[in-house]
Amino acid sequence: MEKFIVHGPCKLKGTVKISGAKNAAVAILPATLLAEGKCHLENVPDISDIRSYCKILEALGAKIEYLSKNEMIIDNTNVTSAIASSELTSKFRASYYLLGALLGRFNQVQISLPGGCNLGARPIDQHIKAFESLGATVEVRNGNVYASRKEPLHGNSIFLDVVSVGATMNAILAATLAKGNTVIENAAKEPHIVDLANFLNSMGAKIKGAGTDTIRITGVEKLRQVSSYSIIPDQIETGTFMVAAAATKGDVLIQNCIPKHMEPITAKLIEAGATVEELGDSIRVTMDQIPNSFTVKTMPYPGFPTDMQPQICILLTIASGTGMVIENIWESRFQYTDELTKMGADISAHGSTAIVKGVEKLYAAPVHSHDLRAGAAMMIAGLIAEGDTEVYDIHHILRGYEDIVEKFNKLGAHIEYVKEDDKHD
Ligand code: EPZ
């Protein structure tokens, strides 16, 4: 069994460099399927979700040359299969991007129903609606999604009933090579959507308006190879280090990030009493007081990201007064609060709201990572707690954070990765 042991408390101090964005990379990797020739990608995060995606692409016939830890050339010329129905595909959510990408290239596509973090119901009705609007037929049966088309997809108007990152990405992927014009209304505006559109445009796609709620796509016949594309820095990894710096009353310079993407998190940290300085592509976070309490509501971008909700909640556990967390995206994103209670936090979560009364200290306890971001929150809780916090189910954390132990330890934390009886830093 794997676990992290976080020896607390500590003050984080120093410099950390942010890796490429997981949620951009998991769309850009399948997007390479639309191109003829090779795609050279840089700043690809070295995380288990990406390693899984590479295996899925290789099983479909892709040739991947790894130039370094964060750089690869993907050649999809010999991809002849559009059946991605495996244990691996069903393990993580972002495998659904294979549907949009493969539908652009093949008449019949089959993938396993996507898995991923357990955050409550995760329907794909809006993805299906988008594919059907473009002329595909989609069926879900026996744990698989089957999508087919009798002729090339055709452009259309797609109005998404809910603002969905995944459905927006999939609609873009499917519409890129469709005949004619597509307009996606009520589109999601997250930075990773803009990154996907920029990547596809660098291959010759005609996508306008990504980052607004109306995206217009003029279908093109084919895409060309990409000599080099660098994935944007990870917004959520940046936010995780920003919150960790503030929670430990530290002083951290976070490099290789995009401060504009961080505005909702920056605003909350300032409300909590931290100092946040934007310095080009870096952000410095310092904190020298007990955090003020605050209310945070998760919203689609540019609102406060749901993927930062568990981490920011750690600040409230040690804040002066009572704060509130309102989760508007996922129905089961408060499972981690039971773990924090074991550490002495005073939280009551019901439905979409958690009320958090600040306490003087958290104390170490064995805790579980219920999902990727909850796991990161457990690590931050361990950094501020008295004693040695054991964090279990760390495979969730390793799905999305590159070198997380090394990065925290370089900032002065003392975290051990332990596998069975075999202990090493
Ligand atoms: C993406 O998931 C992210 N995953 C999630 O991050 C993130 O929490 C989420 O967007 C919201 O920002 C990836 O990018 C791989 P949605 P996604 O479709 O695309 C409802 C992480 O930790 N909905 O934007 O699956 C849905 O139930 C992960 O990195 C429908 O009703 O999320 C939810 O309430 C966890 N029908 C809301 O929309 C649909 O067809 C937003 O979901 C699709 C979604």
Side-chain angles (χ1 to χ4, degrees), residues 19-31 45 47-50 52-53 89 91-100 113-133 138 140 145 158-174 184 186-196 213 231-232 234-240 261 264-265 297-311 327-333 335-336 352 369-377 395-402 404:
S19 301
K22 168 180 89 81
N23 289 344
V26 294
I28 287 174
L29 258 66
I47 51 177
S48 70
D49 266 9
I50 292 302
S52 303
Y53 230 126
T89 323
K91 264 190 191 147
F92 71 112
R93 193 75 192 155
S95 58
Y96 55 31
Y97 294 139
L98 289 166
L99 276 173
L113 267 177
C117 284
N118 176 16
L119 308 171
R122 299 189 73 172
I124 57 165
D125 56 302
Q126 298 304 304
H127 302 239
I128 294 174
K129 176 179 171 173
F131 297 141
E132 287 178 344
S133 304
V138 185
V140 180
V145 186
I158 302 167
F159 187 94
L160 297 176
D161 301 334
V162 290
V163 179
S164 159
V165 171
T168 303
M169 295 277 211
N170 249 334
I172 293 174
L173 287 165
I184 308 167
N186 200 26
K189 299 185 279 236
E190 270 67 3
H192 23 294
I193 287 171
V194 180
D195 208 32
L196 173 68
D213 48 23
I231 290 169
I232 52 163
D234 197 300
Q235 178 206 25
I236 305 301
E237 187 196 9
T238 308
T240 301
H261 294 168
I265 296 145
K297 295 181 191 178
T298 64
M299 301 289 277
Y301 190 83
F304 190 92
T306 173
D307 291 346
M308 280 302 301
Q309 185 257 92
Q311 300 92 312
E327 172 57 47
N328 289 313
I329 312 292
W330 299 118
E331 62 191 30
S332 304
R333 207 160 202 174
Q335 297 171 63
Y336 71 90
S352 61
S369 308
H370 283 281
D371 62 64
L372 166 58
R373 308 306 174 185
H395 61 279
H396 286 298
I397 305 173
L398 300 175
R399 282 186 41 219
Y401 288 93
E402 176 174 327
I404 189 156

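All ligand and atom numbering here is 1-based and tracks the order in the structure. Note that this is a predicted model, so its numbers are computed, not measured.
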Going by side chain to side chain contact (heavy atoms under 4.5 Å, CB included), name the residues that satisfy it together with Asn328, two or more places apart in sequence or in a different chain.
Lys297, Thr298, Met299, Ile326
Under 3.5 Å, side chain of Gln235 to main-chain N/O of Ala21, donor-acceptor pair present?
no
Taking 4.0 Å as the limit for heavy-atom contacts, which would you say applies to Ile329 with ligand 1: side chain only, backbone only, both, or neither?
both
Contact atoms of ligand 1, heavy-atom distance to Thr306 under 4.0 Å
8 (O), 11 (C), 12 (O)
What I want to find out is whether Arg333 reaches Asp307 closely enough, with some N-O distance under 4.0 Å, to be called a salt bridge.
yes
With distance as the sole test, does Asp195 use its side chain to make a donor-acceptor pair with the main-chain N or O of Ala24 at under 3.5 Å?
no
Heavy-atom contacts with Gln126 under 4.0 Å: which atoms of ligand 1 show up? List them by number with element.
36 (N), 39 (C), 40 (O)
Hey, looking at atom 28 (C) of ligand 1, which of Asp307, Thr168, Ile193 has the closest heavy atom?
Asp307
Does ligand 1 have any atom that is closer than 4.0 Å to a heavy atom of Gln309?
no
Run the side-chain hydrogen bond (donor to acceptor under 3.5 Å, both in side chains) test against Glu190 and tell me which residues pass, sequence neighbours left out.
none
What atoms of ligand 1 come closer than 4.0 angstrom to any heavy atom of Lys22?
21 (C), 29 (O)
Can you find a non-hydrogen atom of Tyr96 under 4.0 Å from ligand 1?
yes
Out of Asp234, Asp125, Val165, whose heavy atom is nearest to atom 24 (O) of ligand 1?
Val165
Which atom pair, heavy atoms only, marks the closest approach of Asn170 to Gly100?
OD1-N, 3.1 Å
Kindly identify the option in Ala167, Pro123, Ala376 whose heavy atom sits closest to atom 43 (C) of ligand 1.
Pro123
Under 4.0 Å to a heavy atom of His127 - the qualifying atoms of ligand 1, by number:
40 (O)
One finds that the ligand 1 atoms under 4.0 Å from a non-hydrogen atom of Arg333 are 8 (O), 22 (O)
Where does Tyr301 meet ligand 1, judged by heavy-atom distances below 4.0 Å: at the side chain, the backbone, both, or neither?
neither
Ligand 1 contact by Gly400, heavy-atom criterion under 4.0 angstrom:
no
Nitrogen or oxygen atoms of Gly166 and ligand 1 under 3.5 Å apart
yes
For the residue pair His261 and Tyr301, does the interplanar ring angle fall in the parallel (under 30°), tilted (30 to 60°) or perpendicular (over 60°) class?
perpendicular
Decide yes or no on salt bridge (Lys or Arg N to Asp or Glu O under 4.0 Å) for Asp234 and Lys22, but give the supporting numbers first.
CA-CA 7 Å; Asp234 197 300; Lys22 168 180 89 81; over 6 Å; no
Within 4.0 Å of some non-hydrogen atom of Ile124, the atoms of ligand 1 are 40 (O)
Main-chain N/O of Ala94 paired with Tyr53 side-chain donor or acceptor, under 3.5 Å
yes
Can you tell which part of Glu331 has a heavy atom less than 4.0 Å from ligand 1: side chain, backbone, both or neither?
neither
Return yes if some donor-acceptor pair links the side-chain N/O of Gln126 with the main-chain N/O of Ile128 below 3.5 Å, else return no.
no
Tell me if a side-chain donor or acceptor on Glu237 pairs with a main-chain N or O of Ser19 at a distance below 3.5 Å.
yes
Please list, in number order, the atoms of ligand 1 under 4.0 Å from a heavy atom of Ser164.
16 (P), 18 (O), 24 (O), 43 (C), 44 (C)
